[in-house]
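Below: one structure, written as structure tokens.
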Amino acid sequence: MAANEVLHDFFPLMREYKDGRIERYWATELVPPSLDAETLTQSKDVVISPETDLSARIFLPRDADPANKLPLLVYFHGGGFVVESAFSPMYHNHLNQLAAEANVVAVSVNYRLAPEYPLPAAYEDAWLALEWIASRSINDEWIGKYADLDRVYFGGDSAGGNIASNLAVRFGGEGKDKLPEINLVGVFLNCPFFCGVDPLENEDKHEVFPKVYLDKIWKYACPDTAGSDDPRVNPDKDPNLWRFGCERILIYVAEKDVLKGRGWLFKETIMKRGWNGNIEVVEVEGEDHIFSVFFPKRENSMAMLKKVASFINNE
């Protein structure tokens, strides 16, 4: 067997070779926590579960004051469930900016990746992180001292948006009984990774990530799935979507993104399911997938950051 024979090709994200070797092309370098020179946001790393190597990076904005506790954002990075890290330069910068602009304490969860840890590992990590946050007083000084757990938000981009959405459904079903310390106010989804067996308009025409790519990477990341109509990746097929555990949702989609239609369909579906809340979808012209993460200094990205900050602060 040739060492360079490809078994699964998900370029430009990653490749798996027949000899078992996995080559990732994103987040090949990591950065340590720090005091950000631009925003003066502080960060530190915490271990949530030594047994599974689950960890997170916590971000504390410059004006944090124990006398005036701040909202808490639980964030999940993107990467198709197979690449990226809460500790990569791109997400470290993104959370520095987000924590500063929204004036929130942010917990960026470094969940386990497929294929080494196939789904539902990332979903279970998200729940475990939430349990850890609920026990904040004994686990982390920053959360216990500065975060108001009566004002909790979930957020994520791409696959992280999928994780945040699934976590909100689970929280709505059992979280209020099992985690009474947490009050989930809202959820922010940035170009969330959803798909389905039946294609939406233009899903097959994306140059880099056409629908066939998304269907394959979902099955690769979640081997036990029945396919792209799995409720975890197709909310239109989820009978429990009405349980979504908050009253406010903000979704961003991008005009050129293959996932744009799925964001709009999510709004249509959750309203039909009888969820009793307010949902807004914002479509940004001329942009592609998670543009605000890739290009944070663009005018559209900075406007989006301000919108998310207003959402979190209920302005």
Side-chain angles (χ1 to χ4, degrees), residues 24-48 54-79 83-111 129 132-133 136 139-148 151-158 160-161 164 188 190-191 250 252 254 284 287-313 315:
R24 290 182 167 91
Y25 305 111
W26 292 40
T28 54
E29 296 182 8
L30 305 178
V31 294
S34 62
L35 173 63
D36 183 59
E38 179 182 348
T39 65
L40 298 183
T41 299
Q42 299 179 65
S43 56
K44 69 173 184 178
D45 293 345
V46 295
V47 175
I48 294 174
L54 175 61
S55 57
R57 180 160 293 176
I58 305 180
F59 296 80
L60 189 69
R62 61 179 296 181
D63 295 327
D65 179 359
N68 296 287
K69 290 190 173 185
L70 302 174
L72 178 74
L73 172 65
V74 186
Y75 194 87
F76 303 94
H77 67 78
V83 298
E84 269 300 342
S85 167
F87 310 141
S88 73
M90 184 168 69
Y91 281 102
H92 179 75
N93 177 65
H94 185 57
L95 269 294
N96 273 326
Q97 297 288 337
L98 190 52
E101 185 67 39
N103 201 29
V104 296
V105 179
V107 179
S108 184
V109 181
N110 198 47
Y111 57 87
W132 182 87
I133 289 167
R136 70 208 179 280
N139 277 315
D140 185 79
E141 181 185 1
W142 280 10
I143 293 175
K145 191 173 182 181
Y146 296 104
D148 180 2
R151 292 184 290 161
V152 174
Y153 290 79
F154 299 164
D157 62 276
S158 195
F188 161 61
N190 180 7
C191 302
L250 174 64
Y252 259 79
V284 183
E287 298 289 2
D288 210 327
H289 192 56
I290 61 169
F291 64 92
S292 61
V293 180
F294 291 141
F295 309 106
K297 297 302 182 182
R298 282 184 179 173
E299 183 178 348
N300 284 336
S301 301
M302 291 187 287
M304 178 177 169
L305 200 63
K306 291 184 182 300
K307 174 77 172 179
V308 174
S310 295
F311 172 76
I312 290 175
N313 289 286
E315 297 172 346

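Computed from a prediction, not measured in an experiment: that's the story for all the values here.
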- Message: If I compare all heavy atoms of Glu141 with all of Lys44, which pair ends up nearest, and what's the gap?
- Response: N-NZ, 4.4 Å

- side-chain contact (heavy atoms from CB on, under 4.5 Å) assessment of Met90 paired with Glu84: CA-CA 9 Å; Met90 184 168 69; Glu84 269 300 342; 3.4 Å; yes

- Just by distance, do the side chain of Asn93 and the backbone of Pro89 share a donor-acceptor pair under 3.5 Å? no

- Query: Which atom pair, heavy atoms only, marks the closest approach of Val109 to Ala56?
  - Reply: CA-CB, 4.1 Å

- Task: Output yes when a side-chain donor or acceptor of Asn313 lies under 3.5 Å from a complementary backbone atom of Ala102, and no otherwise.
- Result: yes

- Got a second to check how far Thr41's OG1 is from Leu95's CG, nearest 0.5 Å? 9.5 Å

- Task: Check whether the ring centres of Tyr153 and Phe311 lie less than 6.0 Å apart, and answer yes or no.
- Result: yes

- Note on the structure: Residues His77 and Tyr111: closest non-hydrogen pair is O-OH, 2.7 Å

- Looking at CZ of Arg62 and CG of Asn103, how far apart are the two atoms once the value is rounded to the nearest 0.5 Å? 10.5 Å

- Looking only at atom types and distance, does a side-chain atom of Ser43 sit under 3.5 Å from a main-chain N or O of Ser34, one as donor and one as acceptor? yes

- Message: Checking Tyr146 against Leu70 for the side-chain contact (heavy atoms from CB on, under 4.5 Å) test, could you report, in this order, the C-alpha distance in whole Å, the side-chain angles of both residues, the deciding distance, and whether it holds?
- Response: CA-CA 6 Å; Tyr146 296 104; Leu70 302 174; 5.5 Å; no

- Query: Less than 4.5 Å apart, any side-chain heavy atom of Ile58 and any of Val105?
  - Reply: yes

- Query: For Val47 and Trp132, which heavy atoms make the closest approach, and how far apart are they?
  - Reply: O-NE1, 4.1 Å

- Message: I'd like to know if the side chain of Ser301 reaches the main chain of Phe295, judged simply by a donor and an acceptor atom lying under 3.5 Å from each other, with no hydrogens or angles considered.
- Response: yes

- Nearest non-hydrogen partners of Ile290 and Asn190, listed with the distance: CG2-O, 3.9 Å

- Query: Aromatic rings Phe294 and Trp26: how do their planes relate, parallel, tilted or perpendicular, breaks at 30° and 60°?
  - Reply: perpendicular

- Message: With rounding to the nearest 0.5 angstrom, report the CD1 to CG distance, Ile312 to Leu73.
- Response: 5.0 Å

- Message: What's the separation between atom CG in Leu35 and atom CG in Asn96, rounded to the nearest 0.5 Å?
- Response: 9.0 Å

- Message: Between Lys69 and Gly144 (side chain of the first, backbone of the second, donor and acceptor by atom type, cut-off under 3.5 Å), is there such a pair?
- Response: yes

- Message: Distance check, rounded to the nearest 0.5 Å: Glu38 atom CD versus Gln97 atom CD?
- Response: 4.5 Å

- Between Tyr75 and Asp157, is any pair of side-chain heavy atoms under 4.5 Å apart? yes

- Task: Could you tell me whether a side-chain N or O of Tyr91 sits under 3.5 Å from a main-chain N or O of Gly78, the two making a donor and an acceptor?
- Result: yes

- Item | Aromatic plane relationship, His92 with Phe59 - under 30° parallel, 30 to 60° tilted, over 60° perpendicular | tilted

- Task: Examine distances only and state if a side-chain atom of Asn110 and a backbone atom of Ser55 form a donor-acceptor pair shorter than 3.5 Å.
- Result: no

- If you measure from CG on Asp140 to NZ on Lys145, what distance do you get to the nearest 0.5 Å? 11.5 Å

- Scanning both residues in full, the closest heavy-atom pair of Ala254 with Phe291 reads CB-CD2, 4.1 Å

- Task: Determine whether Leu250 and Met304 make a side-chain contact, defined as any pair of heavy atoms from C-beta on separated by less than 4.5 Å.
- Result: no

